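In what follows, a structure is listed as structure tokens, so that the remarks can point back to it.
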Amino acid sequence: MSKRPPELAVEGLTKVFPGTRALDDLSMSVEPGEVHAVLGENGAGKTTLLMILSGVYAPDSGRVLVRGEEVSFARAQDAQAAGIGTVFQEFSLVGRLTVAENVFASHLPTRWLGVLDRRRMAREARELLRTLGSELRPDRSVASLDVGERQLVEIAKALSLRASVLLLDEPTSALSAEEAATLFEVLRRLREQGIAIVFVSHRLAEVFEIADRITVLRDGRLVDTRRRDEITPDDAVRLMVGRELSVLYPGRTEETGPARLEVRGLRSGPVGPVDLVVHAGEIVGVAGLRGSGRSRLVRAIVGAERRDAGEILVDGSAVRIDRPWQAVGRGIAFVPAGRMEEALFPRMSLARNLVSTCLGLVTRLGIVRAAAERRLAERLVRRLGVRARDVEQLVQTLSGGNQQKAVLAKWLALEPRVLVVDEPTQGIDVGAKAEIHAILRELAEGGLAVLMISSELPELLGMCDRVLVMANGRVRGALRAEEATEEQVLALAAGTAGEEAA
Amino acid sequence: MTEAVRRLAAFRELVLIMIIVVSGIVMSQLSEFFFTEGNLRSVVIGMVPGAIIAIGMAVLLASGGFDLSVAAVMALCGTICAYLLSEGAPIPLAIVGALLLGALVGSGNGVLVTFLRVNPLVATLGTLLVARGLALVITEGYNISNLPPSFVQLGQEGPLDLPWMVWIMLGLVLLADLALRHTRFLRQVYYMGGNERAARLSGIRVDALRVFTYVFSGTLAGLAGVLLAARLNTAVPTAGQNLELTVIAAAVLGGASLTGGEGTVLGAALGIAFLALLSNALTLLHVSIFWQIVTTGIVLIAAVSLDMLLRRRQA
Ligand SMILES: Nc1ncnc2c1ncn2[C@@H]1O[C@H](COP(=O)(O)OP(=O)(O)OP(=O)(O)O)[C@@H](O)[C@H]1O
Ligand SMILES: [Mg+2]
């Protein structure tokens with residue numbers, strides 16, 4: 001690489017939150033034309049680093065240098081002005097505005113006298129989204145988008161700045177493999193143009209595909225920075241967690257029990273008719289491309305989305321589920337995909353969040369017992385390994401992965417009979433992922449039925465007993481996950497293979 | 001700022017009590033009339049309707065809701081109560097009738113907001129006009145006076161030389177505060193205000209709960225109307241102009257947020273107490289009523305801005 005100063009560098013960066021040293025004397029640099037991956041467990045400080053680089057947080061000590069010059073950002077706009085564009089882990093979109101308006105939020109194109117140039121905005125937004133492989137209409141309101149689509153808009157927004165430094169905090173955690181591949185095409189092109197890219201992800205395969213250098217953080221400290229060819233994925237995991245990792249996926253069931261959840265002739269908007277069965281002890285995956293209707297299907301099952309026709313049976317008897325509370329009453333837990341939008345109460349404590357599904361367990365004579373609440377919360381925190389100062393910490397100040405663990409924890413408290421999960425491990429680090437897989441399997445062995453959506457095909461094939469593949473609102477095939485290959489699933493999802501049964 | 005100060009600032013009720021005590025001490029220096037039994041008594045009695053309405057408003061704001069109609073409902077219910085009494089209805093019946101009317105208007109608000117998805121600001125502004133108008137229609141704009149003596153007692157006599165309405169207020173504030181903090185049922189209100197979609201998916205019956213919060217608020221407004229009529233021995237159809245704004249201001253001073261999920265009943269009641277004290281102080285200092293309105297506004301803006309600043313630091 002050239003002798004000129006790195007595009008972006010930090011020296012001795014430290015950031016302390018009450019009770020946590022999120023960053024501790026961190027130094028690293030990013031060269032122009034480099035993709036620099038940052039790895040670390042949940043809560044290691046990755047997001048904190050990116051927040052400082054993008055001007056959201058001020059460091060407690062240490063320096064940030066852009067092209068060799070020390071900078072100090074008072075606001076996020078300062079960082080943008082210095083040529084730093086960011087895709088944040090938590091979405092920063094405005095739901096009521098359109099896709100195009102969100103993409104250009106910080107620099108709306110105007111015509112004469114400051115009149116908004118809507119046409120140009122729509123055109124450029126569409127072009128940006130096309131480069132990301134998305135045909136999203138620029139005039140759609142962001143509120144109507146699913147998590148993956150929002151992620152694409154978020155990326156388009158950062159790209160629209162034409163920044164010289166691009167910071168990406170888990171941009172792919174809600175994307176499918178194809179969408180991620182398209183994003184990488186874009187990143188490669190930007191790299192050739194000399195853009196410096198910082199890339200945070202828990203998906204190691206991706207990191208090793210795209211990164212030139214890899215920096216590993218642990219507890220806010222630098223563990224090591226290495227060139228990609230000097231490190232293997234196993235090394236990376238060892239550096240991250242400080243120990244060897246056990247298997248990523250637990251075993252599968254030998255035999256399953258009676259049908260726990262049965263869906264007959266379900267229709268909801270463009271989805272259906274769909275029939276499916278999940279047996280006690282079974283983990284069934286739902287695969288499909290974006291727009292295949294997998295989220296809509298599971299949401300209709302739990303009463304989160306209108307159901308136009310069809311029957312739902314729990315343990316053999318038909319149940320009425322038009323509203324989520326009815327599903328909860330039947331022991332059906334639903335973990336939605338958007339943790340901040342639909343699962344958590346960001347400004348409440350971890351403990352309050354965790355008992356939100358199961359107040360009954362900590363209530364006597366109508367009174368919520370504070371001590372019981374705390375005990376239950378602490379038990380759940382231990383079970384899922386949520387990293388928090390204590391159960392009184394506000395959920396919005398937890399790291400993204402730890403928020404996701406909290407979402408799962410709050411449903412486990414309910415001791416459900418059916419667990420419906422939409423992207424349960426998004427943003428969760430490799431070590432914790434293995435633990436969550438083990439917990440899911442353990443619950444299934446206890447007689448729980450699990451219905452699971454994941455955009456990560458390897459996870460579906462590794463975790464599930466059966467995988468249903470959806471396309472255009474219908475189930476196109478069911479595969480025994482053990483024998484299925486990614487190619488088979490993708491062929492079904494694309495609608496290029498015939499029906500298959502398992 | 002140190003951790004200790006930050007903690008303290010988070011415990012809003014304590015801060016308000018301190019401010020009330022300090023301004024009380026300052027006032028007793030500025031006006032010798034301030035610290036007399038008669039003056040304090042009239043301040044406490046004067047804050048009763050506002051404090052009772054503030055209970056409902058605190059719950060409503062915590063749930064992410066909003067109600068502009070409360071003061072008009074108060075006037076309407078007081079009027080109806082007096083009307084029934086003047087027509088010879090027994091006292092309990094007249095009171096229950098007024099409370100039911102409050103509940104009815106509240107349920108109207110609830111249905112508009114919950115099922116027809118009308119913005120709460122617009123929905124309750126509509127019911128405000130309807131209620132205020134009806135109160136004027138029923139009375140043809142006149143006050144209804146000369147209520148039965150045993151009814152008027154509610155607002156004028158009681159133990160320890162304080163009228164019953166004060167004891168009712170104290171009891172309700174205490175009870176509602178504990179209930180909102182500790183009962184399972186009202187805990188759900190915070191979840192709903194914290195994130196409605198998450199609350200729904202967590203199995204909370206959000207729609208029913210939201211209607212309840214409006215019914216609760218409307219009923220309390222009705223009670224405030226009854227007590228005010230008792231105190232004045234008159235039902236005034238134009239009573240409580242702008243009281244809804246004072247109550248919302250008080251709730252926000254007391255820690256509520258218009259985005260929901262926060263606030264307590266005690267905080268809102270203390271907010272009312274503080275504003276009552278402030279207006280009393282300004283009166284004693286011969287500040288005109290018009291300037292009092294300006295001052296209340298400035299206090300509110302200052303308090304909320306300070307709150308935002310502290311919160312930003314915490315984040
Ligand atoms: N505003 C805040 N207040 C208090 N603590 C915070 C705040 N923001 C972050 N933290 C803490 O700092 C630590 C680092 O968090 P950070 O979000 O940087 O982790 P991360 O590496 O991005 O994790 P993840 O992979 O889960 O996204 C965590 O322990 C988190 O709880
Ligand atoms: Mg993070």
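This structure is a prediction, so every number in the text was calculated from the model and none was measured. Within every chain, numbering begins at 1; the chains are lettered A, B, ... in the order of the sequence lines, protein sequences first and strands thereafter. Heavy atoms only: backbone and side chains are in, while hydrogens, waters and symmetry mates are out.
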Is it true that the side chains of [X] and [Y] contain a donor and an acceptor less than 3.5 Å apart?
{"X": "A:Ser399", "Y": "A:Gln403", "value": "no"}
{"X": "B:Arg210", "Y": "B:Tyr214", "value": "no"}
{"X": "B:Ser217", "Y": "B:Asp67", "value": "yes"}
{"X": "B:Asp207", "Y": "B:Thr114", "value": "no"}
{"X": "A:Glu305", "Y": "A:Ser268", "value": "no"}

Close aromatic pair by centroid cut-off 6.0 Å: A:Phe73 and A:Tyr57:
no
Bottom line for A:Thr357: the part with an atom under 4.5 Å from chain B's heavy atoms is both
Is A:Leu359 close to chain B through its backbone or its side chain, or both, or neither, when contacts mean heavy atoms under 4.5 Å?
both
Best-contacting candidate, B:Gly261, B:Ala199, B:Ala179, B:Gly193, against chain A by heavy atom pairs under 4.5 angstrom
B:Ala199
Comparing B:Arg187, B:His182, B:Arg200 against chain A, the one with the most heavy-atom pairs below 4.5 Å turns out to be B:Arg187
Any residues in residues 325-340 of chain A near chain B, with a heavy-atom distance under 4.5 Å, and which are they?
A:Trp325, A:Val328, A:Phe334, A:Pro336, A:Met340
Those residues of residues 366-380 of chain A, ordered by number, that approach chain B below 4.5 Å (heavy atom to heavy atom)
A:Gly366, A:Ile367, A:Val368, A:Glu373
Electrostatic pair B:Arg197:A:Glu341 at N-O distance under 4.0 angstrom
no
If the threshold is 4.0 Å, N to carboxylate O, is there a salt bridge linking B:Glu13 and B:Arg181?
yes
Derivation of the side-chain hydrogen bond (donor to acceptor under 3.5 Å, both in side chains) call for A:Asp169 and A:Thr86
CA-CA 8 Å; A:Asp169 198 351; A:Thr86 313; over 6 Å; no
Checking B:Arg205 against chain A: side chain, backbone, both or neither under 4.5 Å from a heavy atom?
both
Is A:Arg352 close enough and on-axis enough to A:Phe345, meaning under 6.0 Å and within 45°, for cation-pi?
no
Under the 3.5 angstrom rule, does the side chain of A:Gln393 hit a backbone N or O of A:Ser349 as a donor-acceptor pair?
no
Any donor and acceptor pair, going by atom type alone, linking the side chain of A:Asp78 with main-chain N or O of A:Ala74 inside 3.5 Å?
yes
